[in-house]
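Worksheet: one structure, shown below.
All values below were derived from every heavy atom in this structure, side-chain atoms included, with hydrogens, water molecules and symmetry-related copies excluded. Residue numbers begin at 1 in each chain, while the letters A, B, ... track the order of the sequences. Just so we're clear, the structure is a prediction, and the values are computed from it rather than from any experiment.
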Protein chains: 2
Amino acid sequence: MFVRITNDLAYRAISFGELGIAGDSNQKVSLNEFTYKKGSEIYGEKEPADYVYQVKAGSVRSYKLLPDGRRQIGAFHLVGDIFGLENGSEHRFTAEAIVNTTVRLIKRRSLEMMAESDAMVSRNLLGMTTENLEHAENHMLLLGRKTSLERVAAFLVEMDRRLAAAGVMPLPMSRRDIADYLGLTLETVSRALSRLHELGIIGFIGTNRRQITLLNRRQLATLDLQN
Amino acid sequence: MFVRITNDLAYRAISFGELGIAGDSNQKVSLNEFTYKKGSEIYGEKEPADYVYQVKAGSVRSYKLLPDGRRQIGAFHLVGDIFGLENGSEHRFTAEAIVNTTVRLIKRRSLEMMAESDAMVSRNLLGMTTENLEHAENHMLLLGRKTSLERVAAFLVEMDRRLAAAGVMPLPMSRRDIADYLGLTLETVSRALSRLHELGIIGFIGTNRRQITLLNRRQLATLDLQN
DNA sequence: CGTATAGTTGACTCATATCAATCTACGTGG
DNA sequence: CCACGTAGATTGATATGAGTCAACTATACG
């Protein structure tokens, strides 16, 4: 429901005009789209936020780093998601392509100008920010108070909602990414997944441990003590 | 800076008109202000969000609960803070008075109507939501990746910024509240504070362990690995 | 194919939680 | 104003869930 609204927003903004952006080594310019190679940075924390992005293909992780390298991923951005929308002048996260990823670009100024004159756009901006806030609020509960098994269960429920096609979840992110999203280590994530597998709650497609099926959503929902 | 803006917003909204609200046992009606006794609930999660609040005196905690009682406090609201502002129809947290607290009430509809016609109000709403989002994002990093000592140091730095008067921090909240804010237990918080005291980084005023002075902000900032 | 990267699993450690015993401050009623 | 009771805070002893270190396996990629 919100997805449709935010998509409208993106498309409307994009129709505003072309964005003249100098390409760099990791990007291929194709009108108002960019492609980022797996692992490359889309923007860095503290960098000026001149563009808003929408994932056309691929996946993106947004994270903060502590000086010693500890990483907290705040969100994964999947196909259709808009990210990089800031109110202040700088990005508050670093965004990286998890796999080869194509994004649509929207000039931020044009969005702001539209919001100025169009109350609908303005309301959509607030709605998107609220969505992000809501996600962060739920994630605080997860990070502050849930066990490792509950966290992994919650992650699977979230991903199921967002990217399950015909019962199969093709996770684009590594165990380390999942761990940094859930405030755990990759070993703990791996053990939790193995445990859920033993318990018959999830299955792996073939031998690929990133292709997951949910065999028992009810049990998973029970573990995902959704507030 | 933002505080001033959001205050303006509140005052403007309040001038809109009186709010006829039936009092309950824990409230005293005084024009558009309410007083809540220590520990009483201001609103509950999932309740309709018809009002926005501003703390006139006292302190408030906003939290989510898991079914088994585990609690995550998302934010403390101190004098001047606005809280309970929702975009959807329901509150996403439960809000409780930490001590006897007086709040100003603003009818949400009136805010929305103002936003409709006044782009400035609309921008302020977005700005406040973004502030909340930023806080939540930083808190995710804390909850996901910081040690107990770092968390407590970060908490003290935050409170120092928000309520230190003449070098003394009179904390309104209990050790349990702090623990639920930081994703720790009250014992761990207590030990961390004792440790910071031993290290000469903080001091206690008199025998009251809730009156804290920061003796060495530099060391505290070092522990507060601020991203 | 073979090399590099990602994932799993096991053994052990450690930070924080849990359980428990004081200790202290504060509000209440005599 | 003082004694008492209660809630909050500290501190100690112990338990435990998740982290660390390490070996091994599997998968993807050139």
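When rounded to the nearest whole Å, the span between CZ of A:R209 and P of D:dA28 equals 13 Å. Between A:M173 atom CE and C:dG7 atom P the separation is 11 Å, expressed in whole Å. If you measure from atom CD of B:E187 to atom C1' of C:dT16, you get 10 Å, rounded to the nearest angstrom. Regarding A:L186, its CG atom lies at a distance of 19 Å from the P atom of D:dC24, rounded to whole Å. Nucleotide C:dC14 holds its P atom 18 Å from the CG atom of B:L149, rounded to whole Å. B:L193 places its CG atom 16 Å from the P atom of D:dG8, with the value rounded to the nearest Å. Rounded to a whole Å, the CZ atom of A:R175 is 19 Å from the P atom of D:dT20. Rounded to an integer number of Å, the gap from B:K38 NZ to D:dG8 C1' is 9 Å.
Here the side chain of A:R108 pairs no donor or acceptor atom with the backbone of A:L85 at under 3.5 angstrom.
Contact annotation for A:G206: no contact, since no heavy-atom pair falls under 4.0 Å across all strands. Heavy atoms of A:R191 sit under 4.0 angstrom from at least one base atom. In this structure, A:L184 reaches the sugar-phosphate backbone alone: every heavy-atom distance under 4.0 Å involves primed, P, OP1 or OP2 atoms, never a base.
A perpendicular orientation is assigned to the rings of A:Y181 and A:F155, their planes being inclined by more than 60° (bins at 30° and 60°).
Remark: A:T185 is not in phosphate contact with D:dA18, judged by side-chain N or O atoms under 4.0 Å from OP1 or OP2. Between B:S174 and the phosphate of D:dG8, there is no side-chain N or O to OP1/OP2 separation shorter than 4.0 Å. A close approach under 4.0 Å does not occur between any side-chain nitrogen or oxygen of A:S190 and OP1 or OP2 of C:dT9. Distances shorter than 4.0 Å separate none of the side-chain N or O atoms of A:N208 from OP1 or OP2 on D:dA26. B:T188 has a side-chain polar atom (N or O) that falls below the 4.0 Å cut-off from OP1 or OP2 of C:dA17.
With 3.5 Å as the limit, one finds no donor-acceptor pair spanning the side chains of B:E86 and B:Y43.
Side-chain contact between A:N87 and B:E131: absent, with no pair of heavy atoms (C-beta onward) separated by less than 4.5 Å.
Across C:dT24, C:dT9, D:dA18, the shortest atom-to-atom separation from the side chain of A:S194 is found for C:dT9.
Applying the 6.0 Å contact sphere to CZ of B:R176 captures no more than 12 heavy atoms from other residues, nucleotides or ligands.
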